[in-house]
Amino acid sequence: MHFIGKHIHRVVRPLLIIMCCVFLHSVSTFAASDNTSAWLLDSAEPLAKLSGTLQESLQNAKQLNALESSSIRLAPQTSHWLIIDLFQLPDNKNYVVYLGEPNLTWAKFYLLDESYQATDDQRLASLESLSNVRPHWLIEHSQGHRWALVNFEHDRSLTLEVGVVTAKAFEINLHQIILSYGAILGVLILCMFVCAVYFFVSQQPKYLVLNAYFVLVCIGFLIDNGLINYLVNGFDWEAKWPVNEFALCFASYFLYHFLAIYTYKPRFKKAWQAMMVCLLSAAVLSSLLPQFNRQWLFIVSCIVFLSFAAAVFLRLMQRKNSRTHLRCFMLLTIVTQVLSLFIWNGFGIGYHGVHNTILLITSLAICSVLLLKDRQQISAFSYSMLHDADTKLPNKQFLLAQMVKKVSQKQHFSVLLFKPHVLSNARSTFGFEQANICINERLSILNTQLQTMNALKLEIQASRSAWLAHVDDSTFGCLVIGELELSHIEQFACLIHGVFEEGLTHEDINLVDSVDIGVAYYPMHGNTAKQILQCAIQAMTEKRLQGERWRMFDSESARLSEQRLSIAAALKMAIDENQLSLHFQPQICLKTGKVVGCEALLRWHHPVFGAVSPDVFIPIAESAGVINQLTEWVVENGIQWQAKFCKLIPDHVISINISAKDLLNKELPVLLITILNEQKVRAESVMLELTESATLEESKKIKATLDDYRLIGLKLAIDDFGTGYSSLAYLSQLGFDEVKIDKQFVLNLPFSVNDQSICRATCDIAATLGAQVVAEGIEEEQSLAMLQSYGCQFGQGYYFSKPLCADDYLAWISDVQKVEISLDATANLID
């Protein structure tokens, strides 16, 4: 803002100098020499009477210097005579008598001989086509004329410039005047163009109104200087009053919006609106009712406008913001234009040249303010693009720009990013605004402490300097200059943790949470600024080991992360292109040795990655948001195969795994009902398996959801029992049909007393809850015998069969059913 103020000062100073020069010129005009060869006579006598008593009348006339321009003050509706003694003018030259006002009510030129007889009453013009701009008459040498008389009058008071100059000098002067008029018209047209561009770009009506204001100012200028008749016939001086009134009305409307008067107190805002209505009414009256005294109506309108403008100026001086200087300058500029119109048109004081100069300068000033305002807005927009609105810190783009500079200079640096998790908790607890206040306090402390460290000062502002940058919603960062030193990074990490250890406090509520810190180093971890920043983000998001304060970017972790992204992308394609397959592992009744069902296991063989384990792609599917589509594919294909399995074993039960995220999928129950009906499969022949951790994770909604599945008729099993942390009371409330013992407790069962205790207790608990027990991972007879002794009903594992593809499983079922088999006989059918 100080920069803009300096530019405004540079504009105002030359304007004041120019106006002083004009004033001194005017004073010098009044101080002209007393050499008299012309007289000004206030008289309404006709020429016939005046010529008879001319010598006597000159004694009462005002003496003028004919060869120098003279300023005279005309009374309204009073006839005046300008009398020039041609014998006192230098010989051998042609002269021009001129009047500096094109809008006189009456102007007539006469030539008299020595006997005071009119020799020619015709107007003799040097440049007749331009007589409307500056009325003038030619006096030719050696024509026997003694006196030249000009009779003129005007309806209002007026300051008029009159004089006699050589014809050549007058022609040069007139051409200069025409050029100056062209320059003023060019500036006014430029102002109209600028306003039109602003309107079409911003679609704000205030610029259209300002454009209309300049159009009216241009019309007023043409009328003032006698140029309007060259463009439009029928316009006279009286047309100037409604033009000025409408211009005043448009100026007040523009200022109402440009100065943001609508944001002022309601009383003042309504007063300004009332003023605009009054000005518009005065403009309409001035246009439609010429019997009104238009001059005094305009004078009152100007006084009202200037009074309100003065009040607004005082209020602007009380406001201190970035736009005050431009608004004040715009107000003063328009007030200067209105004041010039008020003095010149209202009271006829001043000269055309002064008024036109003011018009030229103020019009350029208005355009300059618009351009400065536009530049200020661009500057504010650029600032907002490079800074965070809440913390006022440099943003990610600013930080990247600083990093690009360091990379171009080949200077080593480290990017340290940190994410205080307490910020998200504070926003939900304190509210967004109060959370920003609290985090800004912490960041201000950290910013101050970074001054003593080897951190890069990102920018210097008038109020403060910044060492920190706001990278995204909850992530901040700084640059550590120099070679990588782990001890130095550790100091930064300790400083950050120390600042946030106190947490955020508001109204006796204190929130404390962890801070994730990630570090990447140039040039070790990348060759570009974006690569380094991305590496720092990856390091920050990685899980820290116990006791670690921060994480350095690790290329192996990044490779695994990239691989996970590739798998996630490929998994979406695998579902669409049917790259997946189902394998089925039989479940055997441990008492009878009969096949009672199977567990559907998902398999994926990718053309590039090869066989991808479910332990790898299932978590990726959950994080990538495709787990629902994956489960729906398994359900559709699994029930289709179940229809074929039931033809061989009518009581066959298929177990299908669903994840925690599938529980919240409202479309899954609908899909199950649809597929069961289409395949004509009984609902009770389908068992849905949920992990114990999944039921715990969705404890609030799980019971209602499971009840929906029970209404369909499906059976429910809890998988991997003993690996979670559910209470027995909670499991009893959910009421599962089946409990599966995880294979980690079965594989080493003969040799682990703890595993034996867990399996025995699980069987007892399941019996108490009224649920059946399935043991996974049976691979030897000793484990089988022990499970039978515990009361386990069903088992699956490599002791019976490995997971088989659908066709092999159908063949396996057929082979098993051909013979009467005992449990021992079934045990020998291992693949």
Side-chain angles (χ1 to χ4, degrees), residues 32-75 77-155 158-171 173-174 226:
S33 65
D34 295 331
N35 182 23
T36 60
S37 56
W39 295 263
L40 181 66
L41 178 63
D42 297 341
S43 174
E45 294 181 351
L47 177 63
K49 186 175 180 181
L50 179 64
S51 60
T53 59
L54 186 58
Q55 289 291 352
E56 293 80 2
S57 299
L58 291 180
Q59 295 177 5
N60 299 322
K62 180 181 178 181
Q63 297 180 349
L64 303 174
N65 183 11
L67 296 180
E68 294 184 8
S69 61
S70 301
S71 298
I72 57 176
R73 181 72 178 173
L74 301 183
Q77 298 180 350
T78 302
S79 179
H80 304 272
W81 287 89
L82 177 64
I83 305 168
I84 302 104
D85 186 356
L86 301 182
F87 284 2
Q88 296 185 27
L89 298 178
D91 296 335
N92 303 322
K93 291 182 180 179
N94 293 335
Y95 293 92
V96 172
V97 179
Y98 69 90
L99 301 176
E101 172 56 53
N103 295 295
L104 294 169
T105 307
W106 167 269
K108 190 69 173 177
F109 175 71
Y110 304 94
L111 289 174
L112 303 180
D113 57 18
E114 292 185 11
S115 59
Y116 306 105
Q117 297 296 318
T119 60
D120 193 348
D121 60 352
Q122 298 300 316
R123 174 171 160 172
L124 303 174
S126 173
L127 296 172
E128 188 172 357
S129 61
L130 298 177
S131 59
N132 289 333
V133 177
R134 174 155 291 200
H136 59 281
W137 298 268
L138 177 65
I139 303 173
E140 295 180 334
H141 180 66
S142 301
Q143 295 297 321
H145 305 142
R146 168 67 192 274
W147 302 94
L149 285 75
V150 179
N151 182 217
F152 56 92
E153 65 179 64
H154 200 10
D155 292 338
L158 184 68
T159 300
L160 177 66
E161 180 185 357
V162 298
V164 180
V165 296
T166 62
K168 185 176 182 181
F170 177 78
E171 187 174 346
N173 179 261
L174 189 58

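Index from 1, following the sequence.
Considering every non-hydrogen atom in both Trp106 and Lys108, the closest pair reads CZ2-CB, 3.7 Å. For the residue pair Pro135 and Pro102, the shortest heavy atom distance occurs at CD-CA, 3.8 Å. For the pair His154 and Asn103, the tightest heavy-atom approach, listed with the atom from each and the gap, is CE1-O, 2.9 Å.
With values rounded to the nearest 0.5 angstrom, Leu58 atom CG is found 9.0 Å from Thr53 atom OG1. Atoms CD and CG, from Gln117 and Leu111 in turn, are 13.5 Å apart once rounded to the nearest 0.5 Å. Between the CG atom in Leu112 and the CG atom in Leu149 there is a gap of 5.0 Å [rounded to 0.5 Å]. Rounding to the nearest 0.5 angstrom, the gap separating the CG atom in Leu40 from the CG atom in Leu74 is 7.5 Å. Interatomic distance, Ser43 OG to Asn60 CG, rounded to the nearest 0.5 Å: 10.0 Å. Interatomic distance, CH2 of Trp147 versus CG of Leu86, reported as 8.5 Å (0.5 Å rounding).
Annotation: salt bridge (Lys or Arg N to Asp or Glu O under 4.0 Å) contacts of Asp85 (sequence neighbours excluded): Arg146. By the side chain to side chain contact (heavy atoms under 4.5 Å, CB included) test, Ser79 is found to be paired with Ala44, Trp81, Asn151, Glu153, residues two or more places apart in sequence or in another chain being considered. Applying the side chain to side chain contact (heavy atoms under 4.5 Å, CB included) rule to Val162 yields the partners Leu64, Ser70, Ile72, Leu82, Leu99, Leu160; only residues at least two apart in sequence or on another chain are considered.
A tilted orientation is assigned to the rings of Phe170 and His136, their planes being inclined by 30° to 60°.
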**Message:** Evaluate Phe109 against Ile139 for side-chain contact (heavy atoms from CB on, under 4.5 Å), listing each step before the verdict.
**Reply:** CA-CA 10 Å; Phe109 175 71; Ile139 303 173; 4.1 Å; yes

**Asked** Are Asn173 and Val165 close enough, and set up right, to give a side-chain contact (heavy atoms from CB on, under 4.5 Å), and what steps lead you there?
**Response** CA-CA 10 Å; Asn173 179 261; Val165 296; over 6 Å; no

